[in-house]
There are 2 protein chains.
Amino acid sequence: MSDGPQAQTGQSLLFLTDEQLRKGIEAMFFAYRGFTADPDRILAEKSYGRAHHRAIHFIHRSPGTTVNNLLSILGVTKQSLNRVLRTLIEDGLVASTVGQKDKRERHLHLTADGAELERALSDAQRDRMRAAYRKVGPDAVAGFRQVLEAMMDDQTRHHFEAMKERTE
Amino acid sequence: MSDGPQAQTGQSLLFLTDEQLRKGIEAMFFAYRGFTADPDRILAEKSYGRAHHRAIHFIHRSPGTTVNNLLSILGVTKQSLNRVLRTLIEDGLVASTVGQKDKRERHLHLTADGAELERALSDAQRDRMRAAYRKVGPDAVAGFRQVLEAMMDDQTRHHFEAMKERTE
DNA sequence: CTTGGAAAGTCAATAAAGCTGACGTATTGT
DNA sequence: ACAATACGTCAGCTTTATTGACTTTCCAAG
């Protein structure tokens, strides 16, 4: 699998042509679409959308998070998140409990059903990612992660780093 | 910048934990959002959306492409694409010409104005990607591209490969 | 203890972008 | 001649987002 001039190492990257960059842009577009395809199918069956998936994902990763916190991570408006959150709570996938220290806050957790759905969704994505990782090897994976982090907004990277520290 | 256990090379990848995979999933989410943020701002000014961006991008990359071809690349319905295409043609960014060989086909091209907008949009993304590439170096970039390609659907990768061959 | 502001929830209106289904027209190919 | 293809379009629907305005509850500072 020859990968074109940009894989020749070192020097060639100093001549980053628009064409090479454009291919990176497209790879990002196509890969992201493939990346969301599996969960989308599962979600469609339950008539949920990506918004629900994102909420479930971040509640799973940060149990007890507040609505405001979720808002700043997801970068959407309160109204948008609330519509999603309401259906998840009604359907018994997410539990909302009043804060002990600050009673204005609601702390969000996944219920057993919610955790089950989270599992199904992330299994699908993990399988795809695991397959990709296995295919290309650890060095490529390290590079992948480095580029992704470098492409994030500063504020976004801050969210990401903060969560990394919690678990790594 | 230590990058956790998965950067330790070789062996560690055989123990791909769910946590490590989940971080890859999130990095993908955050990076994609950062990646589309710049063009989104430009598009919002002209009251266009991402759908317009995608159409412009692929018409630029494959000048003279037909509607059906664009449909299969973008993976949307005829009606969805048509709504976007109509506004682009009305606004004078895209030209649609009747096919010479097969007069049922319409061949799509960017006008001067269309090319100008394409340039503005891709410049924003290229700058971000160039910055990321410069930051992490050529080996990481090669790995990045390899993982992205490995994550695509087979059919999608076929689109991507086909276009690669045209230019590389 | 009052009051300002923060956290959350909600109502209404709007928009972008996708979908399905049904049709019509021009053109091609069998 | 006739079926199939490529395109365009009409109508109606859904999801996901937006903004603006408002209420309730609650914390904390003056």
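Residue numbering restarts at 1 for every chain, and letters A, B, ... go by the order of the sequence lines. Side chains included, hydrogens not; waters and symmetry mates left out as well; all remaining heavy atoms used. Model, not experiment: these values are computed from the prediction.
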Please give, in whole Å, the distance from dA17(D) P to Leu43(B) CG? 18 Å

Grab the CG-P distance between Asn68(A) and dA7(C) for me, whole Å please. 5 Å

Are the side chains of Glu149(A) and Met152(A) in contact, using a 4.5 Å heavy-atom criterion? yes

What integer distance in Å separates Ile89(A):CD1 from dG9(C):C1'? 10 Å

Phosphate contact (dG18(C) OP1 or OP2) by Thr77(B) side-chain N/O below 4.0 Å: no

In whole Å, what is the span from the OH atom of Tyr48(A) to the P atom of dT16(D)? 11 Å

For the side chain of Glu105(B), starting at C-beta, report the closest nucleotide among dA6(D), dT16(D), dA8(C). dA6(D)

Rounding to an integer number of Å, can you tell me how far His53(A) NE2 sits from dT15(D) P? 18 Å

Once you apply a heavy-atom cut-off of 4.0 Å, does Ser47(B) come out as touching a base, just sugar-phosphate, or nothing? nothing

Compare side-chain N and O positions of Arg106(A) against OP1 and OP2 of dA7(C) and report whether any pair is under 4.0 Å apart. no

Any side-chain donor near an acceptor of the partner, Thr36(A) and Arg50(A), under 3.5 Å: yes

Atom-to-atom span, CG of Asn82(B) to C1' of dC19(C) - whole angstrom: 14 Å

Is there a side-chain contact between Arg50(B) and the phosphate of dT16(D), meaning an N or O under 4.0 Å from OP1 or OP2? no

If you check every side-chain atom of Arg104(A), which of dG8(D), dC27(D), dT10(C) has the closest atom? dC27(D)

Distance test, side-chain N/O of His52(A) to OP1/OP2 of dT15(D), below 4.0 Å: no

Tell me: CG of Leu71(B) to C1' of dG18(C), nearest whole Å? 13 Å

Taking the minimum atom-to-atom distance to the side chain of Lys78(B), which one of dT10(C), dC7(D), dG9(C) wins? dC7(D)

Of Gln79(A) and Lys101(A), whose nearest nucleotide on DNA chain D comes first from the 5' end? Gln79(A)

Nearest 0.5 Å please: distance from the CG atom of Leu93(A) over to the CG atom of Leu117(A). 6.0 Å

No-hydrogen, no-angle side-chain donor-acceptor test under 3.5 Å, His107(B) and Gln100(B): no

Over all strands shown, is His107(A) touching base, sugar-phosphate only, or nothing at heavy-atom distances under 4.0 angstrom? nothing

Between dA17(D), dC7(D), dC19(C), spot the one nearest the side chain of Val76(B), thanks. dC19(C)

The side chain of Lys103(B) is closest to which nucleotide in this list: dC10(D), dT27(C), dA17(D)? dT27(C)

Using atom CD of Glu45(A) as one end and atom C1' of dT15(D) as the other, report the distance to the nearest whole Å. 17 Å

Can you label the angle between the Phe29(B) ring and the Phe58(A) ring as parallel, tilted or perpendicular, going by 30° and 60°? tilted

Would you mind classifying the nucleic acid contact of Arg83(B) as base, sugar-phosphate or nothing, using non-hydrogen atoms under 4.0 angstrom? base

Does Leu21(B) reach the side chain of Tyr133(A), with side-chain heavy atoms less than 4.5 Å apart? yes

